[in-house]
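Some notes on the structure that comes next.
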There are 2 protein chains.
Amino acid sequence: MALNQKSLAKILQHAETLCKQREVRLTPQRSKVLELVCAADGPIGAYEILDRLRQTIGNPAPPTVYRALDFLLEQGLIHKLESLHAYVGCSHPDHPHASQFLICSDCGDVREIESSGIADSLRQAQKNTGFKAKRPVVELLGTCARCQISNDRKV
Amino acid sequence: MALNQKSLAKILQHAETLCKQREVRLTPQRSKVLELVCAADGPIGAYEILDRLRQTIGNPAPPTVYRALDFLLEQGLIHKLESLHAYVGCSHPDHPHASQFLICSDCGDVREIESSGIADSLRQAQKNTGFKAKRPVVELLGTCARCQISNDRKV
DNA sequence: TTTTGGGTGTTACAATATATCATTCATCAG
DNA sequence: CTGATGAATGATATATTGTAACACCCAAAA
Ligand SMILES: [Zn+2]
Ligand SMILES: [Zn+2]
Ligand SMILES: [Zn+2]
Ligand SMILES: [Zn+2]
């Protein structure tokens, strides 16, 4: 789901506003990395970001990318897909939320969902156990609706 | 939570029974890796397993460990903690279930939970989206009850 | 016996991530 | 303005995690 220019600009501007509010610095580099993540046609790995960054900045090294990613993660502007070692832009960075993803192993499609049911059950589990989550990770690895249909056809 | 000898033997025997039922081969190597994972004092990385394996088998290489881990994962005898790149024994390998973990960043403690609420909400989300999960990953990264208390004291 | 398929041994390598130290830059107290 | 402070960046090297590829072994089937 490649973003068009307009929504990309919107996202970047929104990020800038958020960071200003929070009094943290969205530097040019961090902004550029956010742009690359959001403009990517799906989840993108750190080294792929690094490659694309080379076309803008002179000879960046891995730490450059990882530092920017760390910042963006902390600010909730992107999510990390732990099971893919890849990053995606957050579709609603305003409010903090559990990162919930449906990841199709067949077509590679990744979809962020925001199920209040899941959020509630996670909250309840925390209440029951006294655990306090800072970064909830929910990743459902499987087959998306579309791929199930096309798989069925083949059989 | 280091296991005592008795429960470790029990787990291994149980695994053997399960594999026999399923007509898959729990070879000595696979069994040994399962033992190492279960006997470990918490989540254990592949290369740590490799090191400990050296004390039993002559000069094993990474693929040896990863192959065994793949098998054990498929059989649901262990879980992979994606956010830690580490493995833990499953506390109830009889029935398939969503892997749900509370991971304390302060003390490193990892606890597998089996919340039916979470399981239900995941099922519901799949129903709503038409997605079919093969491997659900739920990892709550945060602070356990005990660490919250001791952290509070310090402040 | 030949074939076949799963499991293993071995080497080399790919992909992901971090440690460390030097340098730059904005900010602010004096 | 000046020097001090801390955050951000640059740069090099290295650690950690995970696979590809190919040869070999062995048990079960044909
Ligand atoms: Zn999000
Ligand atoms: Zn799909
Ligand atoms: Zn389990
Ligand atoms: Zn703790």
Side-chain angles (χ1 to χ4, degrees), chain A residues 15-16 19-20 22-34 36-37 40 43-54 56-75 77-88 105 108 135 137 139 141, chain B residues 15-16 19-20 22-34 36-37 40 43-54 56-75 77-88 105 108 135 137 139 141:
Chain A
E16 199 150 339
C19 287
K20 212 162 271 175
R22 297 174 187 169
E23 296 187 321
V24 294
R25 295 170 53 190
L26 183 65
T27 63
Q29 289 202 47
R30 292 168 171 175
S31 176
K32 184 65 192 171
V33 170
L34 175 59
L36 287 173
V37 172
I44 184 173
Y47 278 73
E48 177 63 29
I49 295 173
L50 187 58
D51 282 344
R52 300 190 186 180
L53 207 54
R54 280 189 219 288
T56 309
I57 304 179
N59 212 45
T64 301
V65 171
Y66 281 103
R67 289 198 274 236
L69 289 173
D70 284 346
F71 172 84
L72 297 171
L73 283 170
E74 268 177 27
Q75 297 304 320
L77 297 169
I78 63 174
H79 293 291
K80 177 172 188 182
L81 298 175
E82 295 287 352
S83 54
L84 297 184
H85 305 290
Y87 305 81
V88 293
S105 324
R135 193 158 80 84
V137 171
E139 297 178 13
L141 307 168
Chain B
E16 198 149 342
C19 288
K20 212 162 272 176
R22 296 173 187 172
E23 296 187 320
V24 294
R25 293 170 54 189
L26 183 63
T27 64
Q29 289 201 48
R30 291 168 172 174
S31 177
K32 184 66 192 173
V33 169
L34 175 59
L36 288 171
V37 171
I44 183 172
Y47 277 74
E48 178 63 27
I49 296 173
L50 188 58
D51 282 344
R52 299 191 186 178
L53 207 52
R54 281 190 219 287
T56 307
I57 303 179
N59 213 45
T64 301
V65 170
Y66 281 103
R67 284 169 185 158
L69 290 173
D70 284 346
F71 171 85
L72 297 170
L73 284 170
E74 269 178 25
Q75 296 304 319
L77 297 169
I78 62 174
H79 292 292
K80 175 171 188 183
L81 298 175
E82 295 287 351
S83 54
L84 297 183
H85 305 288
Y87 305 82
V88 293
S105 324
R135 193 159 80 82
V137 171
E139 296 178 14
L141 307 168

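Chain naming here is simple, since letters A, B, ... match the order of the sequence lines and numbering starts at 1 in each. Basis for what follows: all heavy atoms, side chains included, without hydrogens, waters or symmetry-related copies. Fair warning: this is a prediction, and the values are worked out from it, not measured in the lab.
Side-chain nitrogen and oxygen atoms of Lys32(B) include none within less than 4.0 Å of the OP1 or OP2 phosphate oxygen of dT8(C). Proximity of His85(A) to the phosphate of dA17(C): a side-chain N or O atom is located under 4.0 Å from OP1 or OP2. The side chain of Thr64(A) contributes no N or O atom lying less than 4.0 Å from OP1 or OP2 of dA11(D).
We find that CG of Leu84(B) is positioned 14 Å from C1' of dA17(C), with the value rounded to whole Å. Here the C1' atom of nucleotide dT9(D) and the CZ atom of Phe71(A) are 14 Å apart, to the nearest Å. The nearest whole Å value for the distance from the CD atom in Gln29(A) to the C1' atom in dA8(D) is 8 Å. Note: CG (Leu69(A)) to P (dA8(D)) measures 15 Å, nearest angstrom. The nearest whole Å value for the distance from the CG atom in Leu53(A) to the P atom in dA11(D) is 13 Å. Between the CD atom of Gln75(A) and the C1' atom of dA8(D) there is a distance of 14 Å, given to the nearest Å. The CD-P distance, from Glu48(A) to dT16(C), rounds to 10 Å in whole Å. Nucleotide dT16(D) holds its P atom 19 Å from the CG atom of Leu81(B), rounded to whole Å.
Listed by chain and number, the residues in a side chain to side chain donor-acceptor pair (under 3.5 Å) with Gln29(A) amount to none (sequence neighbours excluded).
The pair Asp51(A)-Arg54(A) meets the salt-bridge criterion, since a charged nitrogen lies less than 4.0 angstrom from a carboxylate oxygen.
Once rounded to the nearest 0.5 Å, the distance linking CD1 of Ile49(A) with CG of Leu69(A) reads 4.5 Å.
You'll find that the side chain of Tyr87(B) is closest to dG18(D), out of dT10(C), dT12(D), dG18(D).
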Apply side chain to side chain contact (heavy atoms under 4.5 Å, CB included) to the pair Ile44(B) and Arg52(B), showing each step before the final yes or no. CA-CA 11 Å; Ile44(B) 183 172; Arg52(B) 299 191 186 178; 3.9 Å; yes
Polar-atom pairs under 3.5 Å, protein N or O versus N or O of nucleotides 18-27 of chain C: list them with distances, or write none.
none

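With DNA chain D read from its 5' end, the first of the two nearest nucleotides for Ala86(B) and Gly58(A) is the one closest to Gly58(A).
A pairwise comparison of heavy atoms in Val33(A) and Ala68(A) identifies CG2-CB, 3.7 Å as the closest pair.
The aromatic rings of His85(B) and His85(A) lie parallel to each other, with less than 30° between the two planes, well short of the 60° mark.
Between the side chain of Glu139(B) and the backbone N or O of Glu82(B), at least one donor-acceptor pair lies under 3.5 Å.
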